[in-house]
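Taking it in order: structure first as structure tokens, then the write-up.
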Amino acid sequence: MKTDLFFYTGTGNSLWAARTAAKELGNAEIIPLLWITGNPVQIRGEAVGIIFPVHIWGLPQRVIEFIHRLPADTSRYYFALAVNAGQVAATLLQMDILMKSRGLFLSAGFDICMPSNYIPWGGPGPEEKRMRRIHDATEKIRRISSIITKRERHPVEKGPLWQNILFTWFYKLSFPHIPTLDKNFWADNKCNSCGICKKICPCGNIEMNMDKPVWLHHCEQCLACIQWCPKEAIQYGKKTPRYERYHHPEVTLEDVLSISRKASPDRAQDNYSFHSARNGSIEL
Ligand SMILES: Cc1cc2nc3c(=O)[nH]c(=O)nc-3n(C[C@H](O)[C@H](O)[C@H](O)COP(=O)(O)O)c2cc1C
């Protein structure tokens with residue numbers, strides 16, 4: 001039975017999780033959420049995985065929109081991987097409730113802890129800790145793939161109660177402000193006007209003005225621009241000049257650029273080239 005793995009990513013952790021799951025599951029295809037334009041979304045697999053980063057203890061807007069566009073078809077097996085940096089909180093509960101409101105059932109939801117890309121709070125941590133997280137996540141995806149293959153139910157994973165209450169409150173407060181949080185981005189004098197930030201932005205939120213990036217206040221806060229800048233010239237607030245950048249070590253700039261390049265509003269959903277799970281790379 002075929003599995004469709006829809007993913008969203010800023011710095012590659014969720015793309016890597018999708019590739020890893022695809023390899024474990026076999027007969028699976030990975031599809032960037034950015035390429036989905038159809039309403040309802042066309043689904044070809046009997047099972048559907050939704051793989052995304054946790055943002056401010058909850059679902060990114062793009063994932064919410066995707067769930068709203070899922071067909072009201074209850075015959076499929078839905079599962080989610082919430083890729084995070086140690087605080088999944090109530091993200092998967094939020095997803096469970098949202099899916100129920102659409103008449104859909106989230107059969108299983110898993111917390112996948114990976115290195116942090118949230119650079120406003122610091123770097124990704126020591127190399128050893130990052131590699132341990134990636135190793136543990138690999139093991140976990142291996143374990144849960146048998147649950148998915150058997151189409152079993154598994155309660156959605158969540159944080160401790162205090163975190164779920166407090167952080168869900170923070171999420172609700174912050175969520176309306178996410179598009180304008182980009183006012184804290186700026187480019188320092190290392191910027192060589194290469195324009196990669198503009199090309200990699202998943203939502204067309206960056207324009208080049210006098211050869212320097214300008215953020216247009218419809219940001220998704222994926223942090224791709226700051227994390228992938230080859231010159232480390234993009235900053236967020238005052239502290240990031242001294243913080244190390246991060247992207248998943250097995251995901252390349254070209255992988256992420258290829259996703260954004262093909263994402264355009266008038267792209268017909270049927271045109272997306274589904275990629276084979278076997279070799280784990282995106283064929284574009
Ligand atoms: C805006 C933003 C908010 C984040 N909030 C959380 C959070 O609430 N809990 C958490 O564990 N990680 C949080 N993170 C870290 C990411 O979820 C984590 O690093 C994830 O693996 C990144 O996945 P990606 O590389 O696919 O974008 C946040 C990252 C960003 C950019």
Side-chain angles (χ1 to χ4, degrees), residues 5-21 30 32-34 49-63 80-95 110-125 129-130 133-134 136-138 140-141 157-160 163-185 200-203 205 215 219-228 234 236-237 240 243-253 255-256 259-260 282:
L5 298 171
F6 292 94
F7 74 95
Y8 173 58
T9 192
T11 53
N13 285 347
S14 306
L15 168 54
W16 170 85
R19 284 175 174 169
T20 307
I30 67 171
L33 278 195
L34 288 191
I50 307 170
I51 303 169
F52 59 91
V54 172
H55 280 178
I56 320 184
W57 305 287
L59 295 175
Q61 173 69 25
R62 193 172 284 272
V63 177
L81 306 187
V83 182
N84 64 89
Q87 290 184 341
V88 72
T91 307
L92 289 161
L93 285 173
Q94 181 194 3
M95 186 159 182
F110 303 99
D111 161 6
I112 305 293
C113 181
M114 294 287 286
S116 175
N117 69 351
Y118 193 63
I119 195 164
W121 283 3
K129 185 178 167 194
R130 282 184 250 172
R133 283 192 175 186
I134 293 174
D136 292 350
T138 313
K140 180 159 186 179
I141 293 172
E157 293 180 337
K158 52 186 184 297
Q163 236 182 45
N164 302 344
I165 295 169
L166 184 65
F167 293 163
T168 301
W169 181 67
F170 283 151
Y171 173 82
K172 285 184 180 158
L173 283 184
S174 326
F175 191 75
H177 304 289
I178 288 176
T180 53
L181 289 178
D182 63 359
K183 60 183 184 294
N184 296 312
F185 283 120
I200 210 163
C201 176
C203 54
N205 185 45
W215 287 262
C219 182
E220 294 184 4
Q221 278 285 295
C222 69
L223 303 186
C225 57
I226 183 168
Q227 296 284 18
W228 288 100
I234 295 180
Y236 190 88
T240 58
Y243 294 152
E244 188 182 347
R245 274 31 181 182
Y246 172 80
H247 61 77
H248 191 283
E250 291 167 26
V251 174
T252 65
L253 174 63
D255 286 333
V256 184
I259 297 168
S260 333
I282 294 188

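Counting starts at 1 for both ligands and their atoms, following the listed order. As the structure is a prediction and not an experimental result, all values here were calculated from the model.
Here K140 pairs with E157 under the salt bridge (charged side-chain N to carboxylate O under 4.0 Å, His left out) rule; sequence neighbours left out.
Within the 4.5 Å cutoff, the side chain of I141 has heavy atoms near those of the W16 side chain. Side-chain contact check for Y236 versus Q221: some heavy-atom pair is nearer than 4.5 Å.
Within the 4.0 Å heavy-atom cutoff, P115 counts among the residues contacting ligand 1.
Looking at L223 against ligand 1, only its side chain comes within 4.0 Å, counting heavy atoms.
Protein heavy atom closest to atom 13 (C) of ligand 1, with residue, atom name and distance, is V54 O, 3.4 Å. Atom 24 (P) of ligand 1 has T9 OG1, 3.4 Å as its closest protein atom, hydrogens excluded (heavy atom only). Residue, atom and distance of the protein heavy atom nearest to atom 10 (C) of ligand 1 are A85 N, 3.4 Å. For atom 21 (O) of ligand 1, the closest non-hydrogen atom on the protein side is N13 ND2, 2.8 Å. Scanning the protein heavy atoms around atom 27 (O) of ligand 1, the nearest turns out to be G10 N, 2.8 Å. Ranking the protein heavy atoms by distance from atom 31 (C) of ligand 1 puts Q221 O, 3.2 Å first. Of all protein heavy atoms, the one closest to atom 15 (C) of ligand 1 is N117 OD1, 3.4 Å.
The aromatic rings of F185 and W215 lie parallel to each other, with less than 30° between the two planes, well short of the 60° mark.
Looking at R133, its side chain does come within 3.5 Å of a backbone N or O of A85 through a donor-acceptor pair.
When the heavy-atom distances from atom 23 (O) of ligand 1 to P53, A17, A224 are ranked, the shortest goes to P53.
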